[in-house]
Amino acid sequence: MSSNDRVIIFDTTLRDGEQSPGASMTGEEKLRIARALERLKVDVIEAGFAIASPGDFAAVKLVADNIKDSTVCSLARAVDADIERAAEALAGANSGRIHTFIATSPIHMQYKLRMQPDQVVEQAVKAVKKARSLCADVEFSCEDAGRSEIDFLCRIIEAAIDAGARTINIPDTVGYAIPHQYADTIRQLLERIPNADKAVFSVHCHNDLGLAVANSLAAVVAGARQVECTINGLGERAGNAALEEIVMAIKTRQDLLGVHTRIETEHILAASRLVSGITGFPVQPNKAIVGANAFAHESGIHQDGVLKHRETYEIMSAQSVGWNANKMVMGKHSGRAAFRSRLEELGIVLEGDELNAAFGRFKELADKKHEIFDEDLQALVSDTLADEAPEHYKLASLEVTSKTGTVPEARLLVSVEGAEHSAQAQGSGPVDATFKAIESIAQSGATLQLYSVNAITQGTDSQGEVTVRLEKGGRIVNGNGADTDIVVASAKAYLNALNLMQVGAKAHPQVEGV
């Protein structure tokens, strides 16, 4: 295949994905996901919006300083301060990219920017030139391109390419496009813009109508050669095009699409589960590629066909995306070297005290569970790193009474900055009683918006992974906890959310953008 047959995979899980309410990630969590993306051989990792907050800047810098095999990118509005901040965060990158954008649709230019088209072109050109003076790799996006006029898109893109942009992104920012219409837009731009051959054309599709993947693939057929996507389709509102679906569609239907990616697909499932665990957004069972039922066959006719010849009802193998790829099961007799080696295979690198703490928890879990799977290790590491972070609240002990005919009651001991406080409360169930007891100590004033329980592996000895979403004053945080005791996991998750509430309020990752 020629070089023009390769589709560049641009992952924005760490930037657009983080814009999902409650999906905020710490810098260390972003780095763990970035390492998983690097292992997948993602071409470009958009690590964040450097100017959004000191925390976002630090996270972009952390990823840029540590990732070597993927290009690391930071988003920046078309203003000097954003671009300079992005360049500063990317200074240590082996390969860096500044991604600058400005709105181009009539509705955005009139009501949001309050600028005339000529002013928008002028600012776009200025921004691209500024970015090129600081970074050799510059991407320019036409925000809300899906609702922009084609003549104006041709004009501003030609000017941006002349100014030095080497990737041009045509985002369907509000998920408005229909595949054949979106493909026609891409085709017209490539045909009508005189210097189109000097840039890679990219697409970034939102899923408001459930068409993000379809629109992205239609654009690829029309000539786009970069797709911006996220693990599990994470993203604001209804999300983005899912990386796993884009990549596997290209791989499975190469006969029709005629393109390829460099993604090592056997690592897809591990990345999916890592993102799900860190963000607290569980993957629905019927989700394509990475859902628990993606390769399950209930129908007797289907089962018979698959047993006789897999391709009768499976268009790809489960192993090709990471299902059942690892037969190695950890247990109580596994040593530190095997534990560390397995973590590294999962893209998790721990050293010193973090490794010791995680191994200690592994041994504790091994006494409760006979077999420990990769999913258990992912949850265990997330739980360990959460505990290693500075904590305002920490669970010391928990006792719950619940039996038929009586009101459930929780009695607990919580350490608040080193001082132990006890409380007890009744509730409609053991978890409700536990949360009320915690709140009697914390007095947080936060509202519980989501309580989600997910069994990490099969069997009654599975760890339960709990997500608690709290809201206070417009700020939303997700807390996570894992334990073989679901009530303990729930208490951990609630306290984790309260601890995140204590951290200085962080600006939303992006007020506006693609």
Side-chain angles (χ1 to χ4, degrees), residues 12-33 36 48-49 52-53 55-56 59 230-240 271-284 287 375 378-395 431 434-435 438-439 442 444-456 463-483 486-510:
T12 185
T13 302
L14 303 181
R15 196 274 299 172
D16 201 324
E18 195 189 29
Q19 289 171 217
S20 300
S24 290
M25 311 165 203
T26 66
E28 288 298 329
E29 288 170 338
K30 280 195 170 188
L31 181 57
R32 285 176 60 200
I33 292 173
F49 195 16
S53 70
D56 261 53
T230 61
I231 299 293
N232 299 337
L234 192 67
E236 60 181 325
R237 303 189 314 277
N240 289 281
S272 167
R273 288 183 166 167
L274 177 64
V275 170
S276 177
I278 285 176
T279 61
F281 283 51
V283 175
Q284 67 196 59
K287 167 75 171 65
E375 297 89 337
Q378 296 275 21
L380 180 149
V381 169
S382 292
D383 217 29
T384 301
L385 294 179
D387 272 1
E388 291 296 304
E391 287 188 312
H392 186 74
Y393 300 101
K394 187 175 178 66
L395 182 67
V431 172
T434 298
F435 287 179
I438 292 173
E439 269 301 323
S444 72
T447 302
L448 179 65
Q449 290 204 332
L450 173 74
Y451 172 73
S452 172
V453 181
N454 183 41
I456 296 172
Q463 284 192 94
E465 192 169 43
V466 174
T467 299
V468 168
R469 184 177 300 163
L470 298 180
E471 185 274 335
K472 182 180 180 181
R475 186 167 178 233
I476 299 173
V477 296
N478 271 359
N480 299 306
D483 199 276
I486 202 65
V487 182
V488 173
S490 300
K492 287 181 176 180
Y494 199 97
L495 290 168
N496 182 224
L498 289 177
N499 285 325
L500 290 173
M501 280 286 185
Q502 299 299 312
V503 178
K506 174 184 172 186
H508 195 272
Q510 188 185 340

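Start at 1 with the first residue, then count along the sequence. Keep in mind that this is a model prediction, so the values were computed, not measured.
- Ala59 pairs by the side chain to side chain contact (heavy atoms under 4.5 Å, CB included) definition with Lys30, not counting sequence neighbours.
- Here the shortest heavy-atom pairing between Ala493 and Gly481 reads CB-N, 3.6 Å.
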Note to self: Determine whether Asn496 and Val468 satisfy the following criterion, side-chain contact (heavy atoms from CB on, under 4.5 Å), listing intermediate values before the conclusion.
What the structure shows: CA-CA 9 Å; Asn496 182 224; Val468 168; over 6 Å; no

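- What you find for Ala497 and Leu470 is that their closest heavy atoms are CB-CD1, 3.6 Å.
- For Thr230, there are no side chain to side chain donor-acceptor pair (under 3.5 Å) partners two or more places apart in sequence or in a different chain.
- Judged purely by atom type and a 3.5 angstrom limit, Asn499 uses its side chain to pair as donor or acceptor with the backbone of His392.
- The side chain to side chain donor-acceptor pair (under 3.5 Å) check on Thr279 picks up nothing, with sequence neighbours excluded.
- Not one N or O on the side chain of Asn480 forms a donor-acceptor pair closer than 3.5 Å with the backbone of Thr467.
- Between the Glu18 side chain and the Arg15 main chain, no donor and acceptor come within less than 3.5 Å of each other.
- Applying the side chain to side chain contact (heavy atoms under 4.5 Å, CB included) test to Asn232 and every residue at least two apart in sequence or in another chain returns Glu244, Ser272, Val275, Ser276, Val283, Val290.
- By the 4.5 Å heavy-atom criterion applied to side chains, Leu498 and Ile438 are counted as neighbours.
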- Please report the C-alpha distance between Thr447 and Lys472 in whole Å, then the side-chain angles of each, then the deciding distance to 0.1 Å, and finally whether the side-chain contact (heavy atoms from CB on, under 4.5 Å) criterion is met. CA-CA 6 Å; Thr447 302; Lys472 182 180 180 181; over 6 Å; no

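- Between Asp483 and Lys492 the shortest side-chain heavy-atom distance falls below 4.5 Å.
- Gln284 pairs by the side chain to side chain donor-acceptor pair (under 3.5 Å) definition with Asn286, not counting sequence neighbours.
- For Phe435, the ring pair (Phe, Tyr, Trp, His ring centres under 6.0 Å) partners at least two apart in sequence or on another chain are Tyr451, Tyr494.
- Put simply, the side chain of Ser20 gets close to the backbone of Gly235: a donor and an acceptor are under 3.5 Å apart.
- Shown here for Thr434 and Ala491, the closest heavy-atom pair between the two residues is CG2-CB, 3.8 Å.
- In this structure, CG on Leu14 lies 10.5 Å from CD on Glu29, to the nearest 0.5 angstrom.
- When atom types are taken as modelled, the side chain of Thr12 and the backbone of Asp16 share a donor-acceptor pair closer than 3.5 angstrom.
- For Ser452, there are no side chain to side chain donor-acceptor pair (under 3.5 Å) partners at least two apart in sequence or on another chain.
- With values rounded to the nearest 0.5 angstrom, Met25 atom CE is found 10.5 Å from Asp56 atom CG.
- For the atom pair CD1 of Ile278 and CD1 of Ile231, the computed distance is 11.5 Å after rounding to the nearest 0.5 Å.
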Would Leu274 and Arg32 count as a side-chain contact (heavy atoms from CB on, under 4.5 Å) here? Give the steps. CA-CA 8 Å; Leu274 177 64; Arg32 285 176 60 200; 3.2 Å; yes

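- A 4.5 Å side-chain heavy-atom check between Leu495 and Lys394 finds every atom pair outside the cut-off.
- Ile476 is listed as a side-chain neighbour of Arg469, based on a closest heavy-atom distance under 4.5 Å.
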Check against side-chain contact (heavy atoms from CB on, under 4.5 Å), Ser444 and Glu439
CA-CA 7 Å; Ser444 72; Glu439 269 301 323; 2.6 Å; yes

